[in-house]
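Since the structure comes first, as structure tokens, the remarks are kept for the end.
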There are 2 protein chains.
Amino acid sequence: MQTPTELAAAYRSQGRKLTPQRQLLFQLMHGNDKHPTAESLFAEATAQMPGISLRTVYQTLNELAEMGELQFIDIGGGATRFDPNLDDHHHVVCVDCGQIRDVHVNGTAALKPVGIEDFTINDVGVVFQGVCSTCEKSRAKSHKTAHAKSPAQQAKISK
Amino acid sequence: MQTPTELAAAYRSQGRKLTPQRQLLFQLMHGNDKHPTAESLFAEATAQMPGISLRTVYQTLNELAEMGELQFIDIGGGATRFDPNLDDHHHVVCVDCGQIRDVHVNGTAALKPVGIEDFTINDVGVVFQGVCSTCEKSRAKSHKTAHAKSPAQQAKISK
DNA sequence: TTCTTATTCGCACGACTTGCTAATTAGGTT
DNA sequence: AACCTAATTAGCAAGTCGTGCGAATAAGAA
Ligand SMILES: [Mn+2]
Ligand SMILES: [Mn+2]
Ligand SMILES: [Zn+2]
Ligand SMILES: [Zn+2]
């Protein structure tokens with residue numbers, strides 16, 4: 001995703017208006033590597049702009065996606081995650097707490113799909129599933145003791 | 001997923017009952033490479049057993065997943081797809097009609113994630129995005145003419 | 001056949017996202 | 001500075017997908 005300033009120019013050149021809501025969301029998403037959901041972004045936005053609506057967050061994220069400024073990530077059955085990182089990269093998901101981390105992958109060019117001669121391939125996505133160090137520790141401590149789940153974990157599990 | 005006969009034995013050995021609904025779903029899923037949604041499976045089941053409920057389809061798919069007999073596939077924002085194929089394989093998605101095809105991938109062992117030393121990786125999934133030959137033809141015909149969309153396309157697009 | 005308990009099924013409900021629209025506002029025009 | 005008008009916002013209804021719940025039913029053992 002471009003910088004808030006660059007986006008401002010892009011918006012104006014497309015006849016779109018530059019509202020305070022949009023400017024705030026540009027800031028919150030620019031360089032954001034947390035892969036937030038619309039709800040979590042809405043929470044952050046509300047802290048700085050009480051009254052902003054969840055509907056506007058969804059609308060802005062959708063228009064940024066249409067403009068090619070960010071991508072959607074759908075993993076598991078929970079909410080869609082939004083990613084302003086347009087570099088060629090992939091993801092690792094902690095199956096315990098649900099966090100998504102960026103990861104560069106060496107070797108994707110060597111991936112050879114077999115048996116789909118009738119498909120024109122445009123893109124490849126790689127998703128690693130694992131457990132992050134924090135969750136690994138939690139597991140070590142409580143072998144059988146259930147430990148408190150973070151909101152992210154709740155979400156992941158409720159899926 | 002095991003054969004309906006093998007599943008019957010597995011179910012009994014676990015104190016689960018063998019109902020007509022379950023037996024039908026075992027048949028419909030065994031060797032099924034269509035990656036159906038719960039709804040589409042429900043439609044097929046209803047043809048042979050009018051009155052079976054969608055709730056039962058979901059319940060049976062969930063219990064088969066718990067038993068490790070099938071996996072869930074979440075791609076895009078639509079419904080979860082169910083896959084009885086337990087072999088080490090990956091998927092290709094037609095971004096036009098939404099169909100999912102199995103694909104074996106050479107080179108996954110050589111994939112090297114960079115920058116996640118603090119993760120314990122358990123699994124890797126590769127998803128190719130492309131256009132199937134059927135959709136490719138449709139595109140060629142109607143360069144600018146909208147062509148009728150199949151249910152799968154509708155679903156994919158409505159996302 | 002009887003009994004116990006798992007299962008089915010329908011409906012309500014929850015999570016997530018979009019459709020709709022009246023009120024508001026950005027930003028160009030006079 | 002006041003005005004105009006199309007774009008945007010916000011809130012609520014509605015749609016999709018999946019699950020919780022409980023009364024009725026049925027599998028399978030006794
Ligand atoms: Mn990313
Ligand atoms: Mn498959
Ligand atoms: Zn974790
Ligand atoms: Zn296709």
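Residue numbering restarts at 1 for every chain, and letters A, B, ... go by the order of the sequence lines. Being a predicted model, the structure only gives us computed values, none of them experimental.
- Side-chain N/O atoms of A:Gln21 include one lying less than 4.0 angstrom from OP1 or OP2 on D:dA10.
- Within the 4.0 angstrom heavy-atom criterion, only backbone atoms of the sugar-phosphate kind lie near A:Thr80; the bases stay farther away.
- Look at CD on A:Gln14: it is 16 Å from C1' on D:dA6, rounded to the nearest Å.
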Pair A:Ile116-A:Ile121, side chain to side chain contact (heavy atoms under 4.5 Å, CB included): steps then yes or no: CA-CA 9 Å; A:Ile116 52 166; A:Ile121 302 302; 3.8 Å; yes
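- The salt bridge (Lys or Arg N to Asp or Glu O under 4.0 Å) search around A:Asp118 returns B:Arg101, not counting sequence neighbours.
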Sequence-aligned protein contact record of nucleotides 23-30 of chain D, with B where the base is within under 4.0 Å of a protein heavy atom and S where only the sugar-phosphate is: ----BS--
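- Cluster partners of A:Leu86, using a side-chain heavy-atom cutoff of under 4.5 Å among ILVMFWY residues and allowing indirect links: none.
- Rounded to whole Å, atom C1' of D:dG18 lies 14 Å from atom CZ of B:Phe42.
- Among residues at least two apart or in separate chains, ring-ring contact (aromatic ring centres under 6.0 Å, His included) pairs with a member in residues 4-23 of chain B are B:Tyr11-B:Phe26.
- Screening residues 95-128 of chain B for ring-ring contact (aromatic ring centres under 6.0 Å, His included), with sequence neighbours left out, gives no hits.
- What separates CD1 of A:Ile73 from P of C:dT17 is a distance of 13 Å, to the nearest Å.
- Not counting sequence neighbours, B:Arg81 has no partner by the salt bridge (Lys or Arg N to Asp or Glu O under 4.0 Å) test.
- Listed by first then second residue, pairs satisfying ring-ring contact (aromatic ring centres under 6.0 Å, His included) with a partner in residues 42-65 of chain A number zero, not counting sequence neighbours.
- With sequence neighbours excluded, the residues that form a side-chain hydrogen bond (donor to acceptor under 3.5 Å, both in side chains) with B:Asp102 are B:His35, B:Asn85, B:His89, B:His91.
- The salt bridge (charged side-chain N to carboxylate O under 4.0 Å, His left out) pairs that include a residue from residues 7-20 of chain A are A:Arg16-A:Glu63, where partners are two or more places apart or lie in different chains.
- Across the protein-nucleic acid pair, B:Glu63 atom CD and D:dT19 atom P stand 13 Å apart, rounded to whole Å.
- Computed from C1' positions of five pairs at each end, the angle between the two local axes of the helix from C:dT1-D:dA30 to C:dT30-D:dA1 equals 20°, rounded to 10 degrees.
- Contacts with DNA chain D (heavy atom under 4.0 Å) in residues 49-61 of chain B: B:Arg55, B:Tyr58, listed by number.
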Candidate pair A:Thr60 and A:Gln21, rule side chain to side chain donor-acceptor pair (under 3.5 Å), full reasoning: CA-CA 9 Å; A:Thr60 303; A:Gln21 290 90 341; over 6 Å; no
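- The nearest whole Å value for the distance from the CG atom in B:Asp74 to the P atom in D:dC17 is 13 Å.
- In this structure, B:Arg22 reaches the C:dT8 phosphate: one of its side-chain N or O atoms is under 4.0 Å from OP1 or OP2.
- With sequence neighbours excluded, the residues forming a side-chain hydrogen bond (donor to acceptor under 3.5 Å, both in side chains) with B:Glu69 are B:Gln2, listed by chain and number.
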